[in-house]
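All remarks here apply to the structure that follows.
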Amino acid sequence: MDENELNLRPNQIPEELKGSIAVTTLDRIYNWSRRNSIWPMMFGLACCAIEMIATAASRYDFSRFGMEVMRASPRQADVMIVSGTVTKKMIPQIVRLYNQMAEPKYVIAMGACASGGGPFKEGYNVVPGIDRFIPVDVYIPGCPPTPQALLNGLITLQKKIDSESLKSVRWYQKGKIEPIPIPVLGPDLIDPRQSPLIKELCQSQISNVSPAGTPENLEAHHDNQLD
Ligand code: SF4
């Protein structure tokens, strides 16, 4: 780390002791070590993933940020780069992978699709943004974002990590961090967190059905027709 970046008050260290002594905080050391070794999870969803792969290759080379070790296991990854169109079919898998990542963990929504549905926003099979299901730390606009844009997003994530404090980070708070309920994919996607709302809406619709539409009345109507 650069001396001025490491030391809280670089000017107060005597010249002869510079290089041997550092006056800093635990937060700075802790955040510095984490921000320079963010390992991304190795997965991609659509065309944006090609740009992510290009960012990892030699021309842009995100190993300069300590991020070159893409992990095939969520248990060893620190950041999930959601790169591509998020279909309803993929949501249960993405949430499951997010739950399997160990804290501290971060999420980057790369591109218009992951951030808000993109050109497929109104599609029957696409969710309008991954942030409906998992918390997102950095959004990267573009369709697709260029490798430079992804690098800028990673630098933004580093700045966010710099601003965190050991006292307030969620993974050192008391109590268990509950996993996100895995959405259920049936005829459509159901987020279990919305179950009370769905139940309430269904009940209000049932109670609004006119008596003529109840199953008993429909049966009687059918019998009359046969007579
Ligand atoms: S944002 Fe554009 S480039 Fe990225 S996955 Fe969607 S359609 Fe493809």
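Both counts, for ligands and for their atoms, begin at 1 and track the order of listing. FYI, the numbering just counts along the sequence from 1. Worth knowing before you read on, the calculation uses all heavy atoms, side chains too, and leaves out hydrogens, waters and symmetry mates.
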Next item on the list: Please name all residues satisfying side chain to side chain donor-acceptor pair (under 3.5 Å) with Lys89, sequence neighbours left out, ordered by chain then number.
Entry: none

Note to self: I need the Asp137 CG to Asp131 CG distance, nearest 0.5 Å.
What the structure shows: 11.0 Å

Item checked: Transitive ILVMFWY cluster of Leu189, excluding itself - 4.5 Å side-chain cut-off -> Met41, Phe43, Leu45, Met80, Val82, Val86, Met90, Ile91, Ile94, Val95, Leu97, Tyr98, Met101, Val107, Val127, Ile130, Phe133, Ile134, Val136, Tyr139, Ile180, Ile182, Leu185

Next item on the list: May I ask you to list the protein N, O or S atoms found at less than 2.8 Å from atom 6 (Fe) of ligand 1?
Entry: Cys113 SG

Notebook entry, point to check: Can you tell me how far CG of Leu151 sits from CZ of Phe62, rounded to the nearest 0.5 angstrom?
Noted result: 8.5 Å

Less than 3.5 Å apart, which donor and acceptor atoms pair up between the side chains of residues 114-122 and the rest of the protein, not counting sequence neighbours?
from: Ser115; atom 1: OG; to: Gly111; atom 2: O; distance (Å): 2.8

Next item on the list: Hey, can you tell me if Tyr106 and Trp171 have their rings parallel, tilted or perpendicular (30° and 60° cut-offs)?
Entry: perpendicular

